[in-house]
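Contents: one structure, followed by commentary.
In this text, all values refer to a predicted model and were calculated from it rather than measured experimentally. The chains referred to below are lettered A, B, ... by the order of the sequence lines, with proteins before strands, and numbering in each begins at 1.
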Number of protein chains: 2
Amino acid sequence: MKPTQKHTIHDIAMRIGTSASTVSAALNGTWKARRIKEETAQRIIALAREMGYSVNLQARGLRTARSGLVGLILPEHSNRFFSDLSQSFTVEARARSQCPVIIATARKPEEELSTVRDLMGYSIDALFVAGAADPSQISDICRAAQLPHVFIDQPCPGAPSVITDNETGARQLTEAIIDTLAPHSPALEGTGREKVYLLGGDARLHASSRRIAGFQSAITAHFGKCDADQVIACGYEPEVAQTEIQALYARLGGLPAGLFANSINVFEEVLRFLSQRPEIELGAFSLGCFDYEPYGALLRLPVHMVRQRHLELVRTAWELLDKPGSTDLVTVPPELCLARPRRLPPEG
Amino acid sequence: MKPTQKHTIHDIAMRIGTSASTVSAALNGTWKARRIKEETAQRIIALAREMGYSVNLQARGLRTARSGLVGLILPEHSNRFFSDLSQSFTVEARARSQCPVIIATARKPEEELSTVRDLMGYSIDALFVAGAADPSQISDICRAAQLPHVFIDQPCPGAPSVITDNETGARQLTEAIIDTLAPHSPALEGTGREKVYLLGGDARLHASSRRIAGFQSAITAHFGKCDADQVIACGYEPEVAQTEIQALYARLGGLPAGLFANSINVFEEVLRFLSQRPEIELGAFSLGCFDYEPYGALLRLPVHMVRQRHLELVRTAWELLDKPGSTDLVTVPPELCLARPRRLPPEG
DNA sequence: TTAATATGCAACAACGATTGTGCAGGCGTT
DNA sequence: AACGCCTGCACAATCGTTGTTGCATATTAA
């Protein structure tokens, strides 16, 4: 017996004694509209199943100028948020019987562009972009090719975008940090250790600037003011964050009352720093992170976190594609993951 | 001006005043072999670039019965190992100018199979499978369709597979745990608290059984014996693991000398449990995890970890595809990530 | 000078599906 | 009986590329 060959609708047509177009109609569900007798259609479907036939999607795509593929471009896989996004994207794509193609481009603009072009070569039906280095250029290319596209977690002027409500999230997180501050200690007054600080992020970026605004608003509402030194937007580099947290500790002569870590990387550095401090110091420290990491809940230190609603983001993005031109920028509120209250007294 | 249309090689041919086949040859690099004058080829290439032409990969794929797509099937994106794998897979695919298509199938056999069929519909050039619920059925389908495929981190009889050397990794991890045991305390002798335990995993599964063997071998080498109660292969369910760790703690009247967490889920439960214990108890506790999680290094407790070499696994898998029939099962040693020594004395 | 060989390209037939069009036969109507 | 309509399907064009074949010229060998 020959090795199993690939079957085509012509093979099926020959064996049923009908034409390829009839087989096509029977198999892709248009047989009713094409006035194929139900019995004929059923015979074809049965035989196709028996032969293990499956359509050649490239041929279909060539003919229809579509492909059933939807692309998602993101910077990296190895990151909670993006892998959560991949997960939701996959689920949603399959729910719409589309095939997800998720590609990480390492934040390199050239790679982003070449990936976009590649995907367009496959005639993808839509492109989702999360965290690109150069959004507008991508948007330009897509628009030129009339490819429906949408940005996630990143606003792109002129293109539909869905982003997290950073300001509200930051305000809520800050309030949570304030709520769990240790009882006021007069001894710290005026040392700077009685204040809450925000660490990390780049004030020039949209997301960071909104978060800073939310932080300042909550701080001002509670303390009546927010000093300039309370915002340390030192970027996203781990090394820099490590340096800054050490500098802050040295300057204050100890941990501050509370800290708002502006990204997961910064949070990681804060933990790294804290892991070297005696546990006793952590007793009066209130920590929050604008990002989500399940391990945060497993620490001995309560940590408040903000989690982006990845499923909501993806769903909203898809809706934006469905009704084009409706709104260009949609925000989705994040989820606040409050730490459970401290269960252990500072002293064993 | 009309909206930018898609260009084809015919458009280019017309504008240059040549034929489509010449354009095709010029653009896909076969022009030398097809005896096209260099100058003609260059003119075509220049015009194509100017027009922003890009090949229709579906048409090419239809013609050549290939697609440039390579598939990777995995259970979920939101898991360190799998997202690392995705990352490496992406890099390697692009290095071979293939387009990675990574699909998570939630460990559901039906979804795995339908995904495989879907991908085959796109004429993918190869399929990588990591952590499928039903490997042999997938392998059967691929073989029937003569689709090159390879399993990663999971052996499949009759199909090329590349897996981590679980036994060696487990032995090394156990040795590391033993090396960092607290000084022997005569008071604990005979209570069971002087022993090291393995928690989690399913002894019927290949990976777990090798790990258990490695654990037992290291324990026996050091202590002269390994009691049956030291291996608690209670599966991978978080709830069960939580129950078991609590039961062990209750039975022993405290933490054991050391613990080998057999998977990341179990490790998470162990941390959850530990986060409720006073820090003083952790001073004499030695912990290891057969899996990798960067946050493990940020804990106040030193944790040894075993990390699968995802890049190596992926590379090896690709090599297995390149020289078919060479070897069916290849193992790759994992990487041991030793915790740095404890820096803080148990007492602040 | 003639024949053989090389060069440079055009024509054309696939690849496997979709889809607009056409046509035969059966039926009902006037 | 002639006409139109409905049913059920076949035919053929088409999508954009690739690779085979063939056919002119141009060049060299004999």
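As a whole-Å value, the separation of A:W31 CH2 from D:dT7 P is 14 Å. Remark: P of C:dA11 and CD1 of B:I9 are 14 Å apart, rounded to the nearest angstrom. Rounded to whole angstrom, the span from the CG atom of A:N28 across to the C1' atom of C:dA17 amounts to 9 Å. As rounded to whole Å, 23 Å separates atom P of D:dG16 from atom CZ of B:R66. Whole-Å rounding puts the A:L57 CG to C:dA17 P distance at 9 Å. One interatomic measurement links the two molecules: CD1 of A:I12 to C1' of C:dA17, which rounds to 12 Å at whole-angstrom precision. As rounded to whole Å, 13 Å separates atom P of D:dT17 from atom CD of A:Q58. When the C1' atom of C:dC15 is taken as reference, atom NE2 of A:H7 falls 17 Å away, rounded to whole Å.
Among the heavy atoms of the strands lying under 4.0 Å from A:S21 is at least one base atom, whether or not backbone atoms are also near. Using a 4.0 Å heavy-atom criterion, one finds that A:S24 contacts the bases of the nucleic acid, with or without backbone contacts as well.
Residues satisfying the salt bridge (Lys or Arg N to Asp or Glu O under 4.0 Å) test with A:R204, not counting sequence neighbours, are A:D202. Looking at residues two or more places apart in sequence or on another chain, you find no salt bridge (Lys or Arg N to Asp or Glu O under 4.0 Å) involving A:R34. By the salt bridge (Lys or Arg N to Asp or Glu O under 4.0 Å) test, A:D84 pairs with A:R307, sequence neighbours left out.
In terms of heavy-atom proximity, B:D153 sits nearest to B:I163 at C-CG2, 3.8 Å.
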Please tabulate, one pair per line, each protein N/O and nucleotide N/O from nucleotides 3-9 of chain C that are separated by under 3.5 Å, including the distance.
| residue | atom | partner | partner atom | Å |
| --- | --- | --- | --- | --- |
| C:dG8 | N7 | B:R35 | NE | 3.2 |
| C:dG8 | N7 | B:R35 | NH2 | 2.9 |
| C:dG8 | O6 | B:R35 | NH2 | 2.6 |
| C:dC9 | OP1 | B:T40 | OG1 | 2.8 |
| C:dC9 | OP2 | B:K37 | N | 2.6 |
| C:dC9 | OP2 | B:T40 | OG1 | 3.3 |

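Within the structure, the ring pair (Phe, Tyr, Trp, His ring centres under 6.0 Å) test picks out the following pairs touching residues 99-135 of chain A (sequence neighbours left out): A:F89-A:F128, A:F128-A:W318.
Taking a cutoff of 4.0 Å between a charged side-chain nitrogen and a carboxylate oxygen, B:E39 and B:R43 qualify as a salt bridge. Salt bridge B:D322/B:R96: present, at least one basic N to carboxylate O contact under 4.0 Å.
Closest to the side chain of A:T64, from the set C:dT19, C:dA17, C:dG16, is C:dT19.
For residues 118-126 of chain A, proximity to DNA chain C is found at no residue, defined as any non-hydrogen atom under 4.0 angstrom from a strand atom.
In this structure, A:S83 contributes its side chain and A:R80 its backbone to a donor-acceptor pair below 3.5 Å. Without hydrogens or angle criteria, B:T331 side chain to B:L329 main chain gives no donor-acceptor distance under 3.5 Å.
Within the 4.0 Å cut-off from OP1 or OP2 of D:dT17, at least one side-chain nitrogen or oxygen of B:Y53 is found.
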